[in-house]
Amino acid sequence: MTGNTEHHDESIDTNDNQPGKHRLDKSMKRRRVLIGGTAVAAAGGLAVAGFASAADSTADSTTAATEAEAATSASSGVCTLNAEVTEGPYSLDGALVREDIREDKEGFEVQYTFTVVDQANDCAPLADALVEIWHCDALGEYSGFVGGNGHTEEDNGTFLRGGQMTDANGQCSITSIWPGHYVSRAVHVHMRVHTEVTLTDDSYTGGDVIHTGQLFFDADINEEIQATSPYSANTTKETTLANDSIYDDGGASSGLLTLTALGSSVSDGYKATLTVGVDSA
């Protein structure tokens with residue numbers, strides 16, 4: 001499997017064969033803003049998670065501004081259904097259920113907090129859902145597919161893959177690193193949300209996938225990070241967010257993360273939050 005394969009698979013729309021917007025369901029893409037019920041106003045965890053409206057097209061790193069926007073959205077009974085997009089060619093079944101997916105991979109820490117809300121239940125927080133993410137390392141290589149971006153390294157099939165169960169507030173946290181880049185795609189993270197899974201000692205069985213999406217990062221911050229070691233060792237061509245074949249400039253509803261710096265340098269890492277609107281029906 002090579003990076004060029006993903007370029008082929010992810011740059012063609014399954015609906016109309018036009019380049020640029022490979023969506024699983026165009027009606028899902030357009031159905032951004034949905035009227036929730038009183039349950040949304042009761043979900044105080046949305047403000048903490050940094051709820052962002054569909055009109056927000058930038059990642060605001062100011063926590064206070066993000067929380068203010070969240071409170072406004074919650075009180076007005078509005079929630080966002082996140083865009084469904086291709087899972088890409090680098091997915092694997094049976095992810096480990098764990099909070100820290102870094103293993104021994106070098107890179108700048110990212111502390112993810114996701115809040116999952118269910119449009120089918122008046123946008124109430126969705127508890128007991130498995131949020132799974134996976135992404136490439138600093139050199140643009142995926143576990144299970146090492147070599148796809150032209151680098152040779154050990155491949156155990158599990159690095160930078162895993163998931164966590166949501167709590168009663170629909171929230172879960174996962175720690176990883178900022179992804180690198182590879183040919184044909186902007187820097188991104190893949191996501192699936194599962195329901196009705198059965199947990200094993202370190203993984204899961206069964207269940208249903210109710211959301212498949214991708215997560216994206218502020219372009220200016222990413223540019224600085226990709227120019228810093230260990231990311232700068234990856235000399236393959238990078239695609240910018242503006243030219244990505246999947247991201248459609250829809251802001252949070254298209255997976256753009258809200259970022260908060262953990263320190264004064266990009267190497268100190270970031271907190272990344274997103275409210276993920278799904279439909280369990």
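Just so you know, residue 1 is the first one in the sequence shown, and it goes up from there.
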(Q) Would Val85 and Thr212 count as a side-chain contact (heavy atoms from CB on, under 4.5 Å) here? Give the steps. (A) CA-CA 6 Å; Val85 300; Thr212 302; 5.6 Å; no

Q.
side chain to side chain donor-acceptor pair (under 3.5 Å) for Asp248 and Ser254? Distances and angles first, verdict last.
A. CA-CA 7 Å; Asp248 65 357; Ser254 294; 2.4 Å; yes

Q: Check step by step if side-chain contact (heavy atoms from CB on, under 4.5 Å) holds for Asp249 and Leu256.
A: CA-CA 9 Å; Asp249 202 28; Leu256 189 66; over 6 Å; no

Q: Show your reasoning for whether side chain to side chain donor-acceptor pair (under 3.5 Å) applies to Asp268 and Ser265.
A: CA-CA 5 Å; Asp268 293 326; Ser265 168; 4.8 Å; no

Q | From CA spacing to verdict: side-chain contact (heavy atoms from CB on, under 4.5 Å), Thr258, Lys271 | A | CA-CA 8 Å; Thr258 296; Lys271 292 182 179 179; over 6 Å; no

Q: Show your reasoning for whether side-chain contact (heavy atoms from CB on, under 4.5 Å) applies to Leu81 and Asp279.
A: CA-CA 8 Å; Leu81 190 66; Asp279 186 353; 4.2 Å; yes

**Q.** Candidate pair Gln226 and Asn234, rule side chain to side chain donor-acceptor pair (under 3.5 Å), full reasoning
**A.** CA-CA 8 Å; Gln226 298 299 317; Asn234 179 6; 5.4 Å; no

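The distance from the OG atom of Ser280 to the CD atom of Gln119 is 8.5 Å, given to the nearest 0.5 Å. Note that CG of Asn82 and OG1 of Thr80 are 7.0 Å apart. Values are rounded to the nearest 0.5 Å. Atom OG1 of Thr113 and atom CD of Gln164 lie 11.0 Å apart (nearest 0.5 Å). Glu109 contributes atom CD, which lies 6.0 Å from atom CG of Leu262 (distance to the nearest 0.5 angstrom). Here the CD-CG distance, from Glu132 to Leu130, works out to 6.5 Å after rounding to the nearest 0.5 Å. Between Met165 atom CE and Cys172 atom SG the span is 9.5 Å, to the nearest 0.5 Å.
Closest heavy-atom contact between Ala272 and Leu259: CB-CD2, 3.8 Å. Shortest non-hydrogen contact noted between Gly157 and Leu92 is O-CD1, 3.8 Å. Nearest heavy atoms, Ser203 versus Gly94: OG-O, 3.3 Å. Taking each heavy atom of His190 and Glu87 in turn, the nearest pair found is ND1-O, 3.0 Å. Looking at every heavy atom in both residues, Ser91 comes nearest to Trp134 through CB-CZ2, 3.5 Å. In terms of heavy-atom proximity, His188 sits nearest to Gln214 at CD2-OE1, 3.4 Å.
No side-chain heavy atom of Asn222 sits under 4.5 Å from any side-chain heavy atom of Thr240. Contact of the Phe114 side chain with the Ile133 side chain is registered, since non-hydrogen atoms from C-beta on lie closer than 4.5 Å. The closest side-chain heavy-atom distance from Thr273 to Leu257 is not below 4.5 Å. You'll find the side chain of Leu241 stays beyond 4.5 Å of the side chain of Val187, heavy atoms only. Between Arg192 and His194 there is a side-chain heavy-atom pair separated by less than 4.5 Å. Contact check for Val183 versus Asn149: side-chain heavy atoms found under the 4.5 Å cut-off. A 4.5 Å side-chain heavy-atom check between Tyr204 and Thr198 finds every atom pair outside the cut-off. Counting heavy atoms from C-beta on, the side chains of Thr166 and Val131 come closer than 4.5 Å.
Trp178 and Tyr270 have their aromatic ring centers within a separation under 6.0 angstrom. Taking the centre of each ring, Phe159 and Tyr142 stay at or above the 6.0 Å mark.
Considering only residues two or more places apart in sequence or on other chains, Lys105 meets the salt bridge (Lys or Arg N to Asp or Glu O under 4.0 Å) condition with Asp137, Glu153.
With no hydrogens or angles considered, no side-chain donor-acceptor pair links Thr239 and Asp244 at under 3.5 Å. Side-chain atoms of Thr115 and Gln171 form a donor-acceptor pair, as typed in the model, at a separation below 3.5 Å. Counted by atom type alone, Asp100 and Thr175 present zero donor-acceptor pairs between their side chains at under 3.5 Å.
In this pair, Phe217 and Tyr112 present their aromatic rings perpendicular. The plane angle is above 60°, beyond the 30 to 60° band.
Of the possible donor and acceptor atoms, one in the side chain of Arg161 sits under 3.5 Å from a partner among the backbone N and O of Ser143. Asp155 contributes a side-chain N or O that, together with a main-chain N or O of Phe145, makes up a donor-acceptor pair within less than 3.5 Å. Between the side chain of Tyr247 and the backbone N or O of Gly251, at least one donor-acceptor pair lies under 3.5 Å. When atom types are taken as modelled, the side chain of Glu141 and the backbone of His151 share a donor-acceptor pair closer than 3.5 angstrom.
Placement of Ile101 and Phe108 within a single hydrophobic cluster is found when ILVMFWY residues are connected by side-chain heavy-atom separations under 4.5 Å, directly or transitively. Under the 4.5 Å side-chain heavy-atom criterion for ILVMFWY residues, a single connected hydrophobic cluster contains both Val189 and Val116. Cluster annotation: Val193 is not connected to Val197 through the hydrophobic network of ILVMFWY side chains, with a link wherever side-chain heavy atoms come within less than 4.5 Å. Val146 is connected to Ile177 through a chain of hydrophobic side-chain contacts under 4.5 Å among Ile, Leu, Val, Met, Phe, Trp and Tyr, so both are in one cluster. The cluster map of Ile, Leu, Val, Met, Phe, Trp and Tyr, joined by side-chain heavy atoms under 4.5 Å apart, puts Leu274 and Ile221 in the same cluster.
In the displayed structure, Glu223 atom CD is contacted under 6.0 Å by at most 12 heavy atoms of other residues, nucleotides or ligands.
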